[in-house]
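These numbers come from the heavy atoms of this one structure, side chains and all, not from hydrogens, waters or symmetry mates. Below, read A as the first sequence line, B as the second, and so on, with proteins coming before strands; counting in each chain starts at 1.
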Amino acid sequence: MDNKKVARLVQELADMMELHGENSFKVNAYRKAARAVENSRMPLTDLKKGPTELDGVGKGTAAVIQEILDTGRLQYLEDLKKELPPELPVLMNIPGLGPKSIHTLYQSLGVTGLADLEKVVAEGKVKGLPGFGPKKEKNIAEGIRYYRERPQRFLLIDVHLVAENMVERLRECPSVFQAGYGGSLRRMKETVKDIDLVVATEEPQDVAKYLKEMPGVIQVINDGERKVSLQMDVGVDIQVDVRLVLPEQFITTLHHFTGSKEHNVRIRQRAKAFGWKVSEYGIFDPKKGEELTFKKEEELYQTLQLPYIAPEMREDRGEFEKKEGELPKLITLNDYCGDLHMHTRWSDGAVSVKEMALAAQNRGYQYIAITDHSQSLKVAGGLTADDLKRQREEIDAVNEELSGITILAGVEMDILPDGRLDFPDEVIKELDWVIASVHTSFQQSGDRITQRILHAMENPYVHMIAHPTGRLLTRRDPYEVDMDRVFRGAKETGTILELNSNPRRLDLKDEYLRRAKDEYGITIAINSDAHSPKELDMIPYGVGTARRGWLEKKDVLNTWPLEKVMERLRKKR
DNA sequence: GCCGTTTTCGGCCCGACTGTTTTCAGTCG
């Protein structure tokens with residue numbers, strides 16, 4: 001039983017207690033404990049004095065954890081679940097409904113799930129309950145519709161482009177001093193639920209009016225003096241929350257709305273230890289009666305005697321437990337110097353080798369690898385051994401012609417369903433760079449899929465495993481691969497693992513990256529997997545994900561100069 | 001339920017907005 005599973009059960013316990021109407025501080029205590037368990041780098045069973053060593057875990061939670069470790073289950077949680085209808089937690093997803101309202105609906109009207117809720121709303125039975133009026137009934141009806149019809153989360157890239165656009169547009173408004181976006185978007189989470197904008201202005205009413213008249217506004221959800229919430233159709237149908245603050249409050253508000261919520265809680269607790277109060281408007285010192293504001297986020301952290309924590313790390317996943325100098329110096333886009341996974345017209349790409357090389361050169365890269373698909377991937381026009389030889393001649397010619405960039409001859413070779421590789425050793429040993437990846441038989445058992453990947457890594461000519469878990473965000477779950485075995489295998493064989501920057505993949509994901517680095521010291525390569533020159537620009541999403549995984553320059557192959565990369569590749573052979 | 005160089009009891013992060021209310025609870029982030 002790993003920490004993650006224990007944490008999940010404790011978290012579920014907190015959720016169920018909340019629905020039961022249990023004291024919210026008690027609920028929060030379990031939530032805090034669950035997070036401590038999840039963030040602990042040490043397996044629970046290795047803690048000398050037991051779970052209470054973790055911050056926020058006392059006698060009560062320790063007993064709960066022990067029961068989970070011993071029996072794999074939790075009687076109290078199962079009892080709670082028996083007492084409530086199994087569908088009830090689903091209602092927590094309806095905007096506007098929280099534990100208190102759900103509890104009332106269940107107790108008074110016997111609502112046990114979504115279908116029941118719809119029925120009592122349609123019958124007009126909701127208004128008239130204590131605390132429920134006609135508006136609330138209408139809001140619930142709309143909440144249900146919203147939950148049913150809209151996607152829960154959007155891809156980072158889709159929201160990113162929209163938000164950039166809106167910020168641009170806001171800056172054109174004469175009353176706007178400064179504008180920016182925060183939220184999970186700024187933290188570069190792989191999917192994003194809504195857009196959080198922060199605007200500095202002396203005339204909030206003007207900006208609010210400007211906002212409400214922007215093209216794409218479907219509905220005004222909130223319309224306050226300092227906060228406007230809009231439902232917008234801007235390519236994606238998404239909620240946009242805008243905070244309107246004075247210019248001097250911009251940084252503290254931006255920080256506040258960058259979150260995460262958990263990170264902010266820790267920030268406020270820390271301020272409290274100094275006798276201060278942190279809000280979106282600044283750090284308030286009640287003794288002096290003054291509110292501190294800042295020109296840069298760095299100053300805010302400095303004031304709280306913390307090292308600067310980059311947005312991508314603000315998840316309360318251990319960033320507060322590090323002292324000055326212990327936090328990683330995160331990789332930046334500037335460190336990146338070569339893309340090692342891309343396709344050309346030889347297989348399913350859009351342009352020639354030379355066109356890809358020129359596009360890469362335009363982006364300032366020192367090297368790239370051309371890695372078209374291998375023969376068995378027919379749908380993508382995979383290359384035969386003979387094709388590869390002819391492609392090599394073309395690559396040699398382009399290398400001859402272009403200066404300042406080096407093109408490696410590579411391949412993205414299929415790992416076949418039976419575990420064999422798509423080419424024999426004598427073919428791949430001629431190549432500079434060999435990627436292996438799974439494109440077929442995703443539904444195999446975890447053990448078989450894991451075996452396929454392990455076998456590929458044992459081949460001395462295979463340098464890297466691409467998109468190791470095979471997930472497609474919002475479309476396809478990862479295959480059942482055992483990542484601990486893959487990490488061990490990668491470490492033992494010196495195989496590189498990919499962070500694929502395609503916004504629908506971002507594979508490996510942040511949590512895996514951090515484990516690959518911390519627990520195994522594995523080298524990661526960030527690649528675009530581009531099928532056209534434009535797709536080379538997906539790298540920032542990969543770098544953002546790498547930063548969420550706490551990766552530094554030294555952890556990432558593509559930040560190394562070519563000679564060092566080649567030396568690393570020779571090592572495996 | 002957890003925690004303590006002000007505390008073993010009484011707090012627990014902070015504020016905006018809405019809708020239901022005559023002063024505030026619930027929800028959200």
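No side-chain donor from either of A/Thr469 and A/Arg505 sits under 3.5 Å from a side-chain acceptor of the other. Counted by atom type alone, A/Lys125 and A/Ser108 present zero donor-acceptor pairs between their side chains at under 3.5 Å. Side-chain polar atoms of A/Asp529 and A/Asn500 form a donor-acceptor pair below 3.5 angstrom.
Residue-level contact check: A/Asp223 touches the backbone only, with heavy atoms under 4.0 Å from sugar-phosphate atoms and none from bases. The residue A/Lys26 sits close to a base: some heavy atom pair falls under 4.0 Å. A/Phe25 comes within 4.0 angstrom of a nucleotide base, judged by non-hydrogen atoms across all strands. Note on A/Lys138: nothing from the nucleic acid sits closer than 4.0 angstrom, heavy atoms only. Looking at heavy-atom distances under 4.0 Å, A/Arg243 makes contact with sugar-phosphate atoms alone, never a base. In this structure, A/Val27 reaches neither bases nor backbone, as no heavy-atom distance under 4.0 Å exists between it and the strands shown. Across all strands, A/Leu13 comes closer than 4.0 Å to no nucleic acid atom at all (heavy-atom distances).
Remark: the separation of the P atoms in B/dC2 and B/dT6 is 24 Å, to the nearest Å. For B/dT27 and B/dT20, the C1' atoms lie 13 Å apart once the distance is rounded to whole Å. Comparing B/dG26 with B/dT22, their P atoms are spaced 14 Å from each other, to the whole Å. Nucleotides B/dC12 and B/dA25 place their P atoms 16 Å apart, quoted to the nearest Å. As rounded to the nearest Å, B/dC14 and B/dT21 have C1' atoms that lie 23 Å from one another. Taking the C1' atom of each, B/dG1 and B/dT5 are spaced 24 Å apart, rounded to whole Å. Look at the P atom in both B/dG11 and B/dA16: the space between them is 23 Å, to the nearest Å.
With contacts defined as side-chain heavy-atom distances shorter than 4.5 Å, the pair A/Asn39/A/Leu54 does not qualify. A heavy-atom distance below 4.5 Å is found between the side chains of A/Ile309 and A/His263. Looking only at side-chain heavy atoms (C-beta outward), A/Thr201 and A/Asp206 stay at 4.5 Å or farther from each other. In this structure the side chain of A/Lys509 never reaches within 4.5 angstrom of the side chain of A/Arg514, judged on heavy atoms.
The A/Asn222 side chain lies nearest to B/dT18 when the options are B/dG15, B/dG1, B/dT18. For A/Ser279, the side-chain atoms get nearest to B/dC14 when compared with the rest of B/dG29, B/dC14, B/dT27. Of the candidate nucleotides B/dT27, B/dC17, B/dC14, B/dC14 has the atom lying nearest to any side-chain atom of A/Lys277. Relative to the side chain of A/Asn139, the nucleotides B/dG29, B/dC2, B/dG19 differ in distance, and B/dG19 lies closest.
Mapped onto DNA chain B by nearest heavy atom, A/Gly58 and A/Leu97 fall at different nucleotides, with A/Gly58 at the one closer to the 5' end. Taking for each of A/Lys227 and A/Val265 the nucleotide of DNA chain B with the nearest heavy atom, the 5'-most of the two is the partner of A/Val265.
Taking only side-chain nitrogens and oxygens, A/Tyr281 never comes nearer than 4.0 Å to OP1 or OP2 of B/dC14. Between B/dC2 and A/Thr61, a contact under 4.0 Å exists linking OP1 or OP2 to a side-chain N or O. OP1 or OP2 of B/dC14 has not a single side-chain nitrogen or oxygen of A/Lys261 nearer than 4.0 Å.
Put simply, CZ on A/Phe257 is 12 Å from P on B/dG15, counting in whole angstrom units. Separating the CG atom of A/Asp196 from the C1' atom of B/dC28 is a distance of 11 Å, rounded to the nearest angstrom. The CZ atom of A/Arg31 sits 13 Å away from the C1' atom of B/dG1 (whole-angstrom rounding). Rounded to an integer number of Å, the gap from A/Gln249 CD to B/dA16 P is 10 Å. Look at CZ on A/Arg226: it is 20 Å from P on B/dG29, rounded to the nearest Å. In this structure, the CG atom of A/Asn264 is 13 Å from the P atom of B/dG15, given to the nearest Å.
In B/dT7 the O4'-C1'-N dihedral to the base is within 90° of 0, which defines a syn nucleotide.
When both distances must be under 3.5 Å, the Watson-Crick or G-U wobble mate of B/dT8 does not exist.
Annotation: cation-pi pair A/Arg171/A/Phe177 absent, no NZ/CZ under 6.0 Å from the ring centroid and within 45° of its normal.
The stretch residues 136-157 of chain A participates, sequence neighbours left out, in no ring pair (Phe, Tyr, Trp, His ring centres under 6.0 Å) pair at all.
Of all the residues in residues 116-137 of chain A, A/Gly131, A/Phe132, A/Gly133, A/Pro134, A/Lys135, A/Lys136 reach under 4.0 Å from DNA chain B with at least one non-hydrogen atom.
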